[in-house]
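Right, one structure below, let's go through it.
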Amino acid sequence: MNAYAPILVLGALGAGFAIFSVVMAALIGPKRYNRAKLEAYECGIEPTPQPAGGGRFPIKYYLTAMLFIVFDIEIVFLYPWAVTFDALGLFGLVEMLLFVLTVFVAYAYVWRRGGLEWD
């Protein structure tokens, strides 16, 4: 149990700080409400009335999510490779070049198809 004590203390400190911050912001923070603050956040798209059963989301949301996942996964693989670069040698360099080339092909495809244009 002694090995987990610092982790538990750190978790308790983090939770305590988070709760303290939220409570203090609610108590002493400014309360200037206006129309813009009360509107729903729509990522820059003007809010429109939705049908009762929900509505369709623009495909841009899904393209953005997939692009994020592609580049996030690339970083997840690049960081450990960079840490162990000396130990991997030429084999590791060639494999990472192939991986980055594959990701670049996906990036070029999305760029060519207009997935990076924000209309």
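For the pair V110 and L67, the minimum side-chain heavy-atom distance is below 4.5 Å. By the 4.5 Å heavy-atom criterion applied to side chains, L97 and L101 are not counted as neighbours. Contact of the V100 side chain with the E74 side chain is registered, since non-hydrogen atoms from C-beta on lie closer than 4.5 Å.
Under a cut-off of 6.0 angstrom, the local environment of CZ in F71 is crowded, with over 12 non-hydrogen atoms contributed by other residues, nucleotides or ligands.
Put simply, Y79 and L98 are part of two different groups of oily side chains (I, L, V, M, F, W, Y) that touch within less than 4.5 Å, one to the next. Cluster membership for L27 and I19, using ILVMFWY side-chain heavy atoms within less than 4.5 angstrom, is shared. Taking hydrophobic clusters as Ile, Leu, Val, Met, Phe, Trp and Tyr residues chained together by side-chain heavy-atom distances below 4.5 Å, I28 does not share a cluster with V22. With hydrophobic clusters built from ILVMFWY side chains whose heavy atoms lie under 4.5 angstrom apart, F20 shares a cluster with V23. Connection of I69 to F99 is established within a shared hydrophobic cluster, with ILVMFWY side chains joined at heavy-atom distances below 4.5 Å, either directly or through further cluster members.
From F17, atom CZ reaches atom CE of M24 across 11.5 Å, with rounding to the nearest 0.5 Å. How far CZ of F68 is from CG of D72: 4.0 Å, rounded to the nearest 0.5 Å.
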- request: Using the side-chain contact (heavy atoms from CB on, under 4.5 Å) rule, take L93 and L88 through it: C-alpha gap first, then chi angles, then the decisive distance, then the call.
  value: CA-CA 7 Å; L93 179 64; L88 294 175; over 6 Å; no
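By the 30° and 60° cut-offs, the orientation of the rings of F85 relative to W81 is perpendicular.
Applying the side chain to side chain contact (heavy atoms under 4.5 Å, CB included) rule to V9 yields the partners L13; only residues at least two apart in sequence or on another chain are considered.
Residues G29 and K31 share a closest heavy-atom pair of O-NZ, 3.2 Å.
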